[in-house]
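See structure below.
Values below: all heavy atoms of this structure, side chains included; hydrogens, waters and symmetry mates excluded. As the structure is a computational prediction, the values presented were derived from the model and not from experiment. Each chain gets a letter, A, B and so on, in the order the sequences are listed, and its residues count up from 1.
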2 protein chains.
Amino acid sequence: MKKRTLIHDIARHLEVSITTVSLVLNGKAKEYRISDALAERVMQYVAQVGYRPNQLAKSLRTGKTHVIGLIIEDISNPFFATVARLVERHASARGYRVLYSSTDDSAAKAKDLIALFQEQHLDGYIIAPPAGVEAELEQLLKSGVPTVFFDRYLPGLATDYVGVDNAAGVYQATQLLLDQGVARIAFLTTESTQTQMAARQQGYTRAMQEAGQPAQVQHVPLNFDDDSVREQSIAAIHQFLQDNPACEAVIFANNSLATLGLEAIAQLGRRIPQELAVISFDDNDLFRLHSPTITAIAQPVEALAEALINVLLAKLSDERPAAAQPQTVELPVSLVVRGSSARQ
Amino acid sequence: MKKRTLIHDIARHLEVSITTVSLVLNGKAKEYRISDALAERVMQYVAQVGYRPNQLAKSLRTGKTHVIGLIIEDISNPFFATVARLVERHASARGYRVLYSSTDDSAAKAKDLIALFQEQHLDGYIIAPPAGVEAELEQLLKSGVPTVFFDRYLPGLATDYVGVDNAAGVYQATQLLLDQGVARIAFLTTESTQTQMAARQQGYTRAMQEAGQPAQVQHVPLNFDDDSVREQSIAAIHQFLQDNPACEAVIFANNSLATLGLEAIAQLGRRIPQELAVISFDDNDLFRLHSPTITAIAQPVEALAEALINVLLAKLSDERPAAAQPQTVELPVSLVVRGSSARQ
DNA sequence: CTGAAAGCGCTAACAG
DNA sequence: CTGTTAGCGCTTTCAG
């Protein structure tokens with residue numbers, strides 16, 4: 001348990017004042033007309049003994065932590081995992097740490113997390129909000145902490161948002177099937193009413209409507225928290241497919257659903273795409289390697305991460321607190337056509 | 001920017017002393033013989049206004065942050081992602097937050113992370129160390145912060161470790177193939193010299209040796225950071241398979257390698273398992289859903305996460321600092337036999 | 001039960 | 001350039 005060196009120790013050793021050391025360390029040497037020689041001497045000794053200021057004390061004093069909180073749905077979902085690490089990479093390149101955690105899309109967990117993060121006095125937030133946390137978020141926004149929503153937003157709350165054009169993606173995917181003469185297309189989605197899910201569904205409904213085909217939307221229970229629900233979800237999809245033998249194609253509203261769906265399809269022994277065409281929202285390794293490969297609506301993860309960081313850091317450095325109009329970034333998705341959507 | 005309520009505000013409102021509020025808040029009401037009535041009154045008001053003590057100040061004062069750092073290789077790897085979220089879940093059930101970050105197996109990143117975490121004064125660490133950070137880690141251990149290694153350890157450093165019996169797992173997998181008369185088995189591994197990789201290789205070599213078969217170990221470049229290396233890795237595996245047409249089976253030393261390998265195999269159009277049997281260390285969704293399903297050596301993620309938290313929290317609460325003998329937990333793995341290893 | 005007071009380690013205004 | 005000083009918000013000892 002050797003004790004850490006303190007700013008005081010280094011000042012004493014160098015026989016200069018604590019102020020000088022602090023000023024040099026914070027890049028204010030010039031401003032306070034400290035000689036380059038002295039500044040250099042300080043920096044050198046600091047490096048030599050490996051002195052690291054205590055961030056707790058620093059933050060307590062300055063009110064800044066240089067940490068941003070990333071609250072996502074589920075870190076074990078490839079989409080969120082990828083965005084998380086990209087955000088982290090960009091943030092750290094710009095001097096920020098990111099602290100991330102999953103809500104499992106539960107309002108209770110999200111509330112805990114927000115409270116926890118607030119106690120830690122993070123500088124800003126990126127949040128994929130579950131339903132039911134409007135009040136907490138509103139309070140968070142009112143407190144003036146820079147916050148940007150991601151993946152979905154909460155209609156009542158005016159803040160920055162970064163996401164994709166969900167409706168267009170699904171519309172396009174539905175078209176792809178319709179153009180091949182596949183008309184009995186079902187849309188499998190979760191029970192959630194989140195904006196991104198609603199938009200995806202709406203893209204599907206519109207395409208079907210325009211084609212004069214009846215839409216068939218099926219809601220499947222989905223829960224990341226409890227592994228037993230996993231089986232239930234598979235069973236539900238299984239059931240649906242069995243009850244709808246005429247269904248020629250299914251579009252899954254996200255990649256968790258699709259993964260579960262592939263399992264259900266395998267159980268039933270339905271051949272893809274001959275007996276059932278499949279398209280998933282969100283791309284991932286599994287889809288590239290599956291036999292057949294799975295057509296997916298891919299979100300531009302790299303661009304999303306960059307946009308998130310840019311929007312947030314802009315707010316962070318900006319002086320005008322909640323002045324400007326909230327910024328909204330909506331990126332296009334791309335349809336990655338693979339084997340599972342091909343007409344046999 | 002409304003200001004947060006402080007302990008001072010609540011004391012004043014209740015017309016009691018700050019000391020009293022603090023004592024009640026920290027569960028020391030009894031100890032200081034504060035009446036239940038008063039304690040109740042305090043708690044109630046605190047709840048009412050939603051007062052949250054400033055953790056920065058608290059930590060600065062107490063020296064405890066109640067945050068543990070989880071330093072893993074790659075959060076987008078399903079194995080690490082799963083362990084991370086399980087650790088997080090257990091930790092939070094026991095009053096700890098976890099802060100996790102990936103090293104991409106780079107010593108430089110790991111050093112940065114350790115330094116960063118140290119500045120934040122975390123209470124303890126769980127680390128999957130890359131090679132080349134021995135010095136930093138030794139210093140960390142000497143500073144007395146509870147630390148447990150995970151997945152692999154660094155031979156020179158005596159600290160607690162939680163991992164699996166890697167050698168036995170691969171030995172068993174190799175046996176499975178040998179028992180079916182498949183003898184030309186290659187072992188594809190990374191270039192790393194980490195303990196877990198060495199042990200896996202050793203399990204393979206021993207099995208081959210005992211069977212009187214020549215071992216064939218191939219090292220493949222692998223890098224999580226740089227996506228261009230991804231293609232290189234695939235190309236390397238591709239090349240290897242092409243150069244060794246007689247090879248009947250391949251065991252991948254981890255799941256990233258296996259994922260890449262499946263891609264290479266698909267490119268070559270080799271049929272699994274008829275032309276090439278495949279087994280991977282680490283299990284994941286992809287392997288369950290692939291056609292054919294992929295046999296895998298599965299690590300007990302749930303048990304690992306629990307062991308990690310138990311070992312760490314034991315050290316955290318223990319008074320004897322580096323007193324006791326370092327604890328080592330080595331869990332068994334299980335062979336999940338699926339389609340890819342079946343003799344046709 | 002309580003009030004005062006010290007202090008965790010650092011920043012930054014202020015007056016030299 | 002520097003020394004002093006006043007905190008940031010909280011815990012905890014000590015003397016009532």
Side-chain angles (χ1 to χ4, degrees), chain A residues 1-43 46 49-67 118-123 143, chain B residues 1-43 46 49-67 118-123 143:
Chain A
M1 292 280 191
K2 76 173 172 202
K3 56 160 64 96
R4 300 168 55 100
T5 43
L6 306 180
I7 195 169
H8 173 252
D9 300 331
I10 102 113
R12 203 178 29 184
H13 175 96
L14 256 25
E15 293 180 308
V16 300
S17 80
I18 290 184
T19 309
T20 307
V21 178
S22 175
L23 259 17
V24 170
L25 250 24
N26 291 291
K28 305 200 171 159
K30 285 271 171 288
E31 193 178 325
Y32 282 80
R33 308 152 46 99
I34 291 168
S35 73
D36 290 359
L38 213 199
E40 182 51 36
R41 207 155 65 85
V42 171
M43 291 307 276
V46 160
V49 299
Y51 165 72
R52 299 290 205 136
N54 180 328
Q55 294 300 323
L56 288 172
K58 199 165 172 162
S59 297
L60 181 59
R61 184 61 236 241
T62 62
K64 306 250 130 279
T65 53
H66 274 241
V67 176
Q118 279 190 284
E119 287 173 9
Q120 320 256 344
H121 292 249
L122 308 198
D123 286 356
S143 79
Chain B
M1 292 276 190
K2 77 173 171 200
K3 55 161 66 96
R4 298 169 56 99
T5 46
L6 305 179
I7 195 170
H8 173 253
D9 301 330
I10 102 113
R12 203 179 28 185
H13 175 96
L14 256 26
E15 293 181 307
V16 300
S17 79
I18 290 184
T19 311
T20 306
V21 178
S22 175
L23 260 16
V24 170
L25 249 24
N26 291 290
K28 303 198 173 157
K30 285 270 171 292
E31 192 178 326
Y32 282 80
R33 308 153 44 102
I34 291 169
S35 72
D36 290 359
L38 213 199
E40 182 50 37
R41 207 155 67 85
V42 171
M43 292 307 276
V46 160
V49 300
Y51 166 72
R52 299 288 204 141
N54 179 330
Q55 294 300 322
L56 289 172
K58 198 164 175 164
S59 297
L60 181 59
R61 183 62 234 243
T62 61
K64 308 250 130 278
T65 54
H66 275 241
V67 175
Q118 279 189 285
E119 287 173 9
Q120 319 255 343
H121 293 245
L122 308 197
D123 287 355
S143 78

Name the pairs: protein N/O against N/O of nucleotides 2-4 of chain C, kept only if under 3.5 Å.
unit_1, atom_1, unit_2, atom_2, d
C/dT2, OP2, B/T20, OG1, 2.6
C/dG3, OP2, B/S17, N, 3.2
C/dG3, N7, B/T19, OG1, 3.3
C/dA4, N6, B/T19, OG1, 3.1

Before giving the answer on side-chain contact (heavy atoms from CB on, under 4.5 Å), spell out for A/I7 and A/Y51 the whole-Å C-alpha distance, their side-chain angles and the decisive distance to 0.1 Å.
CA-CA 8 Å; A/I7 195 169; A/Y51 165 72; 3.5 Å; yes
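- A straight line from CZ of B/R61 to C1' of C/dA6 spans 8 Å, rounded to a whole angstrom.
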May I have the step-by-step check of side-chain contact (heavy atoms from CB on, under 4.5 Å) for A/R12 and A/D9, ending in yes or no?
CA-CA 5 Å; A/R12 203 178 29 184; A/D9 300 331; 3.5 Å; yes
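- Look at B/K28 and you'll find a side-chain N or O under 4.0 angstrom from OP1 or OP2 of D/dT12.
- A/L60 places its CG atom 9 Å from the P atom of D/dC10, with the value rounded to the nearest Å.
- Counting all heavy atoms, side chain and backbone alike, B/I34 lies closest to B/A39 at CG2-N, 4.2 Å.
- Protein atom NZ of A/K58 is 13 Å distant from nucleotide atom C1' of C/dA12, rounded to whole Å.
- Taking atom CZ of residue A/R52 and atom P of nucleotide C/dC10, one finds them 13 Å apart after rounding to whole Å.
- A/N54 has its CG atom 11 Å from the P atom of C/dC8, to the nearest Å.
- Looking only at side-chain heavy atoms (C-beta outward), A/N54 and B/L60 come within less than 4.5 Å of each other.
- The closest donor-acceptor contact from the side chain of A/S22 to the backbone of A/I18 lies at 3.5 Å or more, if one exists at all.
- Distance, B/L25 CG to D/dT12 P: 12 Å, rounded to whole Å.
- Between the CD atom of B/Q120 and the P atom of C/dC8 there is a distance of 21 Å, given to the nearest Å.
- Every residue two or more places apart in sequence or in another chain was checked for a salt bridge (charged side-chain N to carboxylate O under 4.0 Å, His left out) with A/R41, and none qualifies.
- Close to C/dT11, at under 4.0 Å from its OP1 or OP2, lies a side-chain N or O of A/N26.
- Residue B/S22 places at least one side-chain N or O under 4.0 Å from the OP1 or OP2 atom of D/dT11.
- Rounded to whole Å, atom P of C/dA12 lies 11 Å from atom CD1 of A/I7.
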Are B/T65 and A/L56 close enough, and set up right, to give a side-chain contact (heavy atoms from CB on, under 4.5 Å), and what steps lead you there?
CA-CA 10 Å; B/T65 54; A/L56 288 172; 4.2 Å; yes
